[in-house]
Amino acid sequence: MSDDTESKLDFIRQIVADDIAAGTHGGRVQTRFPPEPNGYLHIGHAKSICLNFGIAKEFGGKCNLRFDDTNPQKEDVEYVESIQEDIRWLGFDWDELHFASDYFPQLYEWACDLIRKGLAYVDSQTTEEIRAGRGTATVPGTESPYRSRTVEENLDLFARMKAGEFEDGAHVLRAKVDMASPHLIMRDPLLYRIRHAHHHRTGDDWCIYPMYDYAHGQSDSLEEITHSICTLEFETHRPLYDWFIEQLGIFKSRQYEFARLNLTHCLMSKRKLLELVNAGVVDGWDDPRMPTICGFRRRGYTASSIRSFCKEIGVTRFNGLTDMVVLENSLRHELNQTAERRMAVLNPLKVVLTNYPEGQSELLDAVNNPEDESKGTRQVPFGRELYIERDDFLEDAPKKFFRLAPGREVRLRWGYFIRCDEVIKDADGNITELHCSYDPETKGGHAPDGRKVKGTIHWVSAEHAINTTVRLYDYLLAVENPADIPEGDNWRDALNPESLVELQDCKLEPSLKDAVPGEAIQFERLGYFVVDSKASSPEQPVFNRTVTLKDSWTKKSSQ
RNA sequence: UACCCCAUAGUGUAACGGUAGCACACCAGGUUUUGGUCCUGUUAGUCGAGGUUCGAAUCCUUGUGGGGUAACCA
């Protein structure tokens, strides 16, 4: 984050910089992050958060958190709380905390002003009639028969809407703009609807609730937001955003739009994510496969890797698709420097060192992080019986296979060279264990005679191993581009059936008993793992695989 | 077939009328007690057609392609 000033300004930061240079708003910069509390924040929101809070930080401005809570039927305090937690976890804090619902009285007054100016009216058509009257993209709308009600009548009706005299849907308040406008949004947009619903903050104070378009811009204006940054789908709302500000004669906030984040293999619709949660397809909003902030957190992602990812992808108006590997790489890049190394065998194959004394064991020194000498070393127990990865042995190995095979020698990481002498099988021909011999002269992994081995494999002492569960996560979505999923009820067919593979009886080196949730650990040669915050107990940690290490061998061998 | 927006290597992004760069991916080497990391190198791009200009990725026109907008959601 220290090289912010060196990087090129994206188009929004350029606008901010230009405004400061021109003295607009006296050089003041005020942004806001405006989530609706109807779901958990996801990685797409992280992009917006980094943008809004980042701009405030970089330009000496301020950024508010404002909940756009104008739809009581979908919103909940659970979301209000999780959103705040996630923003803080990402490393940001707001200057002021607001709720659009705090502005309901002011918004109501302004609506009355619009009525008095002849710019708003109560429409008593049904939903269907209103929709039909809006026309289509190519056909102009038709004016509502209620459009010419008098100011007095409108004022009276609107007051009675507020007073609760009418059923849901009986009336709405609409702006009087232009039913023939080529901008659909300007064809007398709705300002208020009647909803006899309990609001998570205002309780039963209101039974009329403002629509997004009417609430959002005015909330910006009330907070004197200088740069109101939102995603591209609100672009067509900008004429209306400006219209309200103009007609009301209030502080002129300006709206700027950028392209939302699309990630390969990631569902980014709150509605669909909610469906996954409700259907029990995933283990809650924080399931490690979810693209939510809390999901990534539980998965083992760091806040700083998400921040650097957001910086790397930039901010434009181009609607693209970012490859998930960019996010993965930003995490690998960080964790390579910071994560301590440990050894863990996920698919164990027993190895007996026939020439190692029975009942004996010893401690071997292992480097904690080759990228960071200050992390020091630890001691790993070694004995006659070990586990190695099944993938690290091949009975009929090709020449370029550097690992263990009959008659071949391999290095045990931080240990000895071993040679495979005998393959033991059960009645069905399955390999049950290997009998190997170790070379006592090669302790630590060096041969005094200078002979080389190409391969180094990880291992865990059978006697000392932690026996536990490890969860391997993969993309939740089998298809690469979420936009390719057809709309409809069958979209869940696009899910990856192997997004979670749970392995039992994994063998971990004993020092791993001290691992705590949130601490990233590299299992050597396998990937980065983290203790699951929910499934673990002090006696038995359960690990989540955050991301694999890059692997050029499986790629090469599968060709 | 209305209105608005967008188009630069495979992907994402720079170049503000003056040498088309960067990152990731890919491919090929090197180092290596992680087939990781790191280092070196290679491949690869301005959507098409006109116009303005000494000079266009950049400005204009137009075509093509992609996206958004027609919820009493945000």
Side-chain angles (χ1 to χ4, degrees), chain A residues 7-10 14 34-36 38-39 68-71 73-75 100 123 125-127 130-131 134-141 168-174 181-187 190-195 208-209 211-213 215-216 230-239 257 259 264 270-271 312-323 325-330 332-333 336-337 341 343 366-367 370-371 400-403 411-415 417 442 444-446 452-458 483 522-527 548-557:
Chain A
S7 53
K8 295 288 180 189
L9 298 184
D10 57 66
Q14 188 64 58
E36 184 191 11
N38 69 341
D68 244 336
D69 55 348
T70 57
N71 184 358
Q73 291 172 319
K74 290 185 177 176
E75 296 154 9
D123 194 352
Q125 295 184 100
T126 64
T127 304
I130 289 175
R131 188 178 303 139
R134 195 144 33 215
T136 68
T138 50
V139 179
D168 286 7
H171 308 281
V172 293
L173 187 72
R174 298 179 75 176
S181 172
H183 302 284
L184 280 331
I185 193 78
M186 299 301 271
R187 319 242 263 226
L190 273 62
L191 271 47
Y192 275 90
R193 75 283 212 189
I194 300 172
R195 278 291 114 89
I208 57 171
Y209 290 94
M211 302 288 291
Y212 164 83
D213 286 298
H216 191 90
C230 62
T231 46
L232 244 27
E233 68 268 28
F234 294 101
E235 186 178 8
T236 53
H237 295 234
R238 184 157 20 104
E257 311 88 15
T264 57
K270 274 200 270 185
R271 182 179 63 78
E312 201 172 323
I313 57 175
V315 180
T316 67
R317 290 171 67 82
F318 175 70
N319 205 308
L321 177 64
T322 299
D323 199 317
V325 303
V326 179
L327 177 59
E328 293 174 345
N329 277 327
S330 106
R332 289 190 184 107
H333 183 76
N336 179 51
Q337 299 297 321
R341 274 61 166 171
M343 291 197 286
V367 172
E371 304 292 322
K400 279 192 291 188
F401 185 78
F402 302 153
R403 311 173 192 180
R411 176 190 292 114
L412 296 178
R413 181 76 155 156
W414 312 122
F417 288 8
T442 56
H446 300 279
K452 303 283 185 202
V453 291
K454 189 76 178 168
T456 301
I457 65 173
H458 59 277
Q522 183 191 112
F523 289 178
E524 294 223 29
R525 305 208 301 135
L526 297 175
T548 61
L549 250 31
K550 276 200 246 175
D551 180 2
S552 57
W553 166 245
T554 51
K555 201 185 330 182
K556 193 178 290 180
S557 61

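We name chains A, B, ... by the order of the sequence lines, and we start the count at 1 in each one. These numbers come from a predicted model, not from an experiment.
- Taking a pair to require two hydrogen-bonding distances under 3.5 Å in either a Watson-Crick or a G-U wobble arrangement, B:G48 pairs with B:U62.
- Using a 4.0 Å heavy-atom cutoff across all strands shown, A:L321 reaches sugar-phosphate atoms only and no base atom.
- Nucleotides B:G45 and B:G12 are separated by 13 Å at their C1' atoms, to the nearest Å.
- Side chain A:R332 to base B:U37: no donor-acceptor pair is found below 3.5 Å.
- The aromatic rings of A:H237 and A:Y212 lie perpendicular to each other, with more than 60° between the two planes, well past the 30° mark.
- When both pairing distances are held under 3.5 Å, B:A2 makes a Watson-Crick or G-U pair with B:U69.
- Between A:N329 and A:G314, the residue whose closest nucleotide on RNA chain B is further toward the 5' end is A:G314.
- A donor-acceptor pair under 3.5 Å links the side-chain atoms of A:R187 to the main chain of A:S181, judged by distance alone.
- Taking atom CG of A:D323 as the reference point, atom P of B:A25 lies 10 Å away to the nearest angstrom.
- B:A20 and B:U46 have their P atoms separated by 13 Å, given to the nearest Å.
- Along RNA chain B, the nucleotide closest to A:L232 and the one closest to A:T138 are compared, and the more 5′ of them pairs with A:T138.
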Footprint string (nucleotides 69-74 of chain B, 5' to 3'): B base within contact, S backbone only, - free, heavy atoms under 4.0 Å: BBSBSB
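- The nucleotide whose nearest atom lies closest to any side-chain atom of A:T322 is, among B:C3, B:G12, B:U37, B:G12.
- Nearest heavy atoms, A:T442 versus A:F417: OG1-N, 2.9 Å.
- Between the side chain of A:Q14 and the base of B:C16, a donor-acceptor pair under 3.5 Å is found.
- Distance A:R238 CZ to B:C5 P: 8 Å, rounded to the nearest Å.
- The same atom, C1', is picked in B:A9 and in B:C16; the two are 23 Å apart, to the nearest Å.
- Considering A:Q73, A:K74, A:K270, A:E75 as possible partners of A:N38, the one that fulfils the side-chain hydrogen bond (donor to acceptor under 3.5 Å, both in side chains) test is A:K270.
- Distance, A:R403 CZ to B:U34 C1': 11 Å, rounded to whole Å.
- Base engagement by A:E524 is indicated by at least one non-hydrogen atom pair under 4.0 Å involving a base atom.
- With a cut-off of 3.5 Å on both pairing distances, B:U34 has no Watson-Crick or G-U wobble partner at all.
- In this structure, the nucleotide among B:G35, B:C5, B:C24 sitting nearest to the side chain of A:F402 is B:G35.
- Across all strands, A:K400 comes closer than 4.0 Å to base atoms (heavy-atom distances).
- Here the separation of B:A71 from B:G65, taken at their C1' atoms, is 29 Å to the nearest Å.
- One can place CD of A:E328 at 17 Å from C1' of B:U37, the figure rounded to the nearest angstrom.
- Nucleotides B:C26 and B:G10 are separated by 8 Å at their C1' atoms, to the nearest Å.
- Rounding to whole angstrom units, CD of residue A:Q522 and P of B:U34 are separated by 11 Å.
- Straight-line distance between the C1' atoms of B:U64 and B:U13: roughly 24 Å, to the nearest whole Å.
- The separation of B:G18 from B:C24, taken at their P atoms, amounts to 28 Å, rounded to a whole angstrom.
- Considering every non-hydrogen atom in both A:L190 and A:M211, the closest pair reads O-CG, 3.3 Å.
- Residue A:P370 is in base contact, counting any heavy-atom pair closer than 4.0 Å across all strands shown.
- Residue A:N336 contributes atom CG, which lies 6 Å from atom P of B:C38 at whole-angstrom precision.
- Closest approach to the A:F401 side chain among B:G36, B:C24, B:G35 is made by B:G35 (side chain taken as heavy atoms from C-beta onward).
- Using a 4.0 Å cut-off, no side-chain N or O of A:K8 falls inside it from OP1 or OP2 of B:C22.
- Residues A:E257 and A:T236 form no side-chain contact, since every pair of their non-hydrogen atoms from C-beta on lies 4.5 Å or further apart.
- Note: A:I313 CD1 to A:D323 CG = 12.0 Å, rounded to the nearest 0.5 Å.
- With a cut-off of 3.5 Å on both pairing distances, B:A56 has no Watson-Crick or G-U wobble partner at all.
- Candidate nucleotides B:U34, B:C16, B:U13 were compared by shortest atom distance to the side chain of A:T316, and B:U13 ranks first.
- Between A:L549 atom CG and B:U34 atom P there is a gap of 11 Å when expressed in whole angstrom units.
- Under 4.0 Å is where a charged nitrogen must lie from a carboxylate oxygen, and between A:R317 and A:E235 at least one such pair does.
- What you find for A:P34 and A:D68 is that their closest heavy atoms are O-OD2, 3.8 Å.
- Once rounded to the nearest 0.5 Å, the distance linking CD of A:Q125 with CZ of A:R131 reads 12.0 Å.
- In this entry the distance linking CZ of A:R413 with P of B:U32 reads 14 Å, nearest Å.
- Comparing B:C47 with B:A56, their P atoms sit 15 Å apart, to the nearest whole Å.
- Here A:E235 lies in heavy-atom contact (under 4.0 Å) with sugar-phosphate atoms only.
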